[in-house]
Every structure is written in structure tokens, then in C-alpha cells.
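Structure record follows, encoded as C-alpha cells.
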Amino acid sequence: MKTLKHLAALCAALLLTTAAFGQTARMHLSGTLQNMHLWRGQQVADGGVLAADVNVGLFNDRLKVGLWGGTDFTGDYKEFDYYVSYSVAGFTVAVWDIFNYSPALPFSKDIFNYNKHSTGHFLDLSVAYDFDTKFEVPLRLYWATIFAGRDLNQTGRNRYSTYVNAEYSLFRDEHWIVDVGLGGTFAFNRDGADGGANFYGYDGIDQISLRTTYKLKLGRFDMPVFAHAMWNPDQRAGYLQVGVNLFAF
């Protein structure tokens, strides 16, 4: 009951925000179906996943406040996140509260537990820049650092694990997009027992990716389909993800 009250309060706050800003606020809803969930070089879920995003866009969508969630078909993977982002002149700054409460993870499943020693949450600050905005170069750079939550070294202090990524579009036309990417990880704060460990694994290259998107249209609806090949040299693993963006409003 307490959880329902908090969720109702959050939904009410989003609606009040929309009403307060009147015509400058827009509601957005999107959904994706994919055969697995890949994130920053990691395979987070290995079965079919349905994910959804709902957000309020303000100031011509430069500022967004939203919720993201996903689950697989078996219930082995469950995630519910909050985020706020701001975009201007090619830059995007975002803060995410990421809560993966999958049953197998050894963390609290209490969504209101923010004790760093037991919480399932971690807070993530990211900065991205899209060179295409000003320079017509299809290159995107991305930096994200975990600054709170379940990213602790052996002494119980935050490791500030960081992920960096560069992505480049090799090909674009009215139907196809082909992107390649390279990502790596490290941590700012360790102790002697940590070695080269960070939240994602060990320092170094953890993502080499090739992603192809076809801009499928069904009637008046856009339903892009994609195939994403990803290799993780740190884990000596590779994955092929396929999916479809079911809807976006």
C-alpha cells in the first residue's frame, strides 16, 4: 500500500508539472521489444525483454523528466528507473536513478532503500555530445560516472566507476543506419584489494559494437527494427541483439 501511495504521488507530480507549464509541456511514451537487454558492454538480461519509457518534455523537450522500466518474459529481470535530462547545442546532461531488482541479485528489493550497503539503486551522471548538431559529423561521445549507491570498493566507499563511449555512423540513408562504437571503463576511487575492478568488470575496453537499424514503416506508424552485435573483450563474450521499437508518441 505504501508503495502504491508513493507511485501515485509521483504520477500526480508529473501531471501537475505538465499542467503548470501548460502548452510548453509534452507527454511522451515509447516501447521496445528485444531478445535481450544490453547496456554498456553488459548483457543485463538474456531473454526476451519488453521495455517502456514515459516522460514529460519541457521547454521544447530540452528538459525531460521520466521513468524507464523493463522486464523479461520469465520475471528473472526487472528494472525501474527515474531520470532527468537536459539537452542544448548538441550536449545532453542526465542523472539516472537505476534500480535493478531482479530476483537473483543480492541487493535489497525495497525501492525506497537507499542505504549504500544494501540498496539496489545506483545514481549515474552522464554527459554526451553529438557532433552532428553543429558540425554535421555523425560522431557521438558519451561519459557516465556512478556517483552513489551500490558501487563500493572493499572499504565501503564509492568507486566512481566510469564508462566512456564513442559512436560513429558509417552509413545513413532514408531507410538504413549503420553505427559502430567503442566503449571502455575505469574507476576513480579504489583500495588495495580492488585491483583493476570496477562496477562493470575490469578497467579497459568492454564494448565493441556494430548496430544496424532499418526504418520500418507500417502505414503511418514508424517501427524501426535493429540488430546490434556487441563484443566484450574484458569478459571474452559476444552477443547479437535484435529488436523493434513498437511505438513512440
Side-chain angles (χ1 to χ4, degrees), residues 3-4 6-40 44-45 48-72 77-101 111 121-130 132-133 138 140-142 144 165 167 169 172 174-175 177 179 211 213-226 228 241-249:
T3 301
L4 292 176
H6 281 275
L7 290 176
L10 180 60
C11 292
L14 288 172
L15 291 173
L16 287 173
T17 301
T18 304
F21 283 89
Q23 296 300 315
T24 66
R26 303 172 185 165
M27 290 295 298
H28 302 281
L29 174 65
S30 61
T32 303
L33 179 65
Q34 53 205 33
N35 69 323
M36 65 180 71
H37 181 36
L38 302 180
W39 179 78
R40 298 183 183 176
V44 182
V49 172
L50 181 64
D53 179 288
V54 58
N55 67 74
V56 178
L58 307 169
F59 309 113
N60 293 320
D61 283 344
R62 290 194 298 272
L63 176 65
K64 291 186 176 181
V65 180
L67 305 171
W68 186 95
T71 186
D72 67 4
Y77 162 69
K78 301 177 181 181
E79 185 171 335
F80 183 33
D81 306 337
Y82 320 129
Y83 68 90
V84 58
S85 68
Y86 186 78
S87 301
V88 62
F91 286 95
T92 299
V93 179
V95 176
W96 280 70
D97 178 349
I98 297 172
F99 180 60
N100 184 335
Y101 60 105
I111 197 170
H121 292 265
F122 60 94
L123 305 184
D124 184 83
L125 172 65
S126 64
V127 179
Y129 184 70
D130 187 347
D132 213 15
T133 305
R140 296 164 296 282
L141 301 180
Y142 180 82
N165 176 270
E167 188 175 74
S169 294
R172 293 179 182 176
E174 60 179 325
H175 299 298
I177 302 173
D179 298 322
R211 181 183 176 103
T213 302
Y214 179 73
K215 302 173 187 176
L216 178 67
K217 291 184 69 72
L218 293 178
R220 62 187 182 89
F221 296 102
D222 293 321
M223 296 181 64
V225 295
F226 60 87
H228 178 197
Q241 178 193 52
V242 292
V244 55
N245 296 324
L246 295 173
F247 55 85
F249 305 110

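- Using a 4.5 Å heavy-atom cutoff, the side chains of Val56 and Leu63 are not in contact.
- Of all non-hydrogen atoms in Tyr129 and Ala89, the two that sit nearest each other are CE1-O, 3.4 Å.
- Screening Thr213, Asp179, Asp132 for a side chain to side chain donor-acceptor pair (under 3.5 Å) involving Arg172 leaves a single residue, Asp132.
- Checked by atom type and distance alone, the side chain of Thr71 pairs as donor or acceptor with a backbone atom of Tyr77 at under 3.5 Å.
- In this structure, the ring pair (Phe, Tyr, Trp, His ring centres under 6.0 Å) partners of Tyr83, at least two apart in sequence or on a different chain, are Trp96.
- The CG atom of Asn245 sits 4.5 Å away from atom OG1 of Thr32, with the distance rounded to the nearest 0.5 Å.
- The shortest side-chain heavy-atom distance between Leu246 and Met223 falls under the 4.5 Å cut-off.
- From Leu216, atom CG reaches atom CZ of Phe226 across 13.0 Å, with rounding to the nearest 0.5 Å.
- In this structure a side-chain-to-backbone donor-acceptor pair under 3.5 Å is present from Asp81 to Phe99.
- Between Gly90 and Thr133, the closest heavy-atom pair is CA-OG1, 3.5 Å.
- Looking only at distances, no side-chain donor or acceptor of Glu79 sits under 3.5 Å from a matching main-chain atom of Gly70.
- Arg211 has its side chain out of reach of Ile177: every pair of non-hydrogen atoms, C-beta onward, lies at least 4.5 Å apart.
- Under the 30°/60° scheme for interplanar angles, the aromatic rings of Tyr82 and Phe80 are found to stand perpendicular.
- Salt bridge status for Asp124 with Arg40: present, with a side-chain N to carboxylate O gap under 4.0 Å.
- In plain terms, the two heavy atoms of Asn35 and Gln241 that are nearest each other are OD1-CA, 3.3 Å.
- In this structure, Tyr214 and His175 have parallel ring planes: the angle between them is below the 30° cut-off, well short of the 60° mark.
- Note: Ser30 OG to Phe249 CZ = 9.5 Å, rounded to the nearest 0.5 Å.
- Expressed to the nearest 0.5 Å, how far CG of Asn55 lies from NZ of Lys64 amounts to 5.0 Å.
- Separation of atoms CG (Asp61) and OH (Tyr86) is listed at 11.5 Å; rounding is to 0.5 Å.
- Separation of atoms CD (Glu167) and CZ (Arg140) is listed at 4.5 Å; rounding is to 0.5 Å.
- Counting only heavy atoms from C-beta outward, the side chains of Met36 and Asp72 never approach each other to under 4.5 Å.
- Residues His28 and Asp53 form no side-chain contact, since every pair of their non-hydrogen atoms from C-beta on lies 4.5 Å or further apart.
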*Could you walk me through whether Lys215 and Asp222 pass the side chain to side chain contact (heavy atoms under 4.5 Å, CB included) test, one step at a time?*
CA-CA 7 Å; Lys215 302 173 187 176; Asp222 293 321; over 6 Å; no
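- Ring geometry, Phe122 versus Trp39: the interplanar angle falls from 30° to 60°, so the pair is classed tilted.
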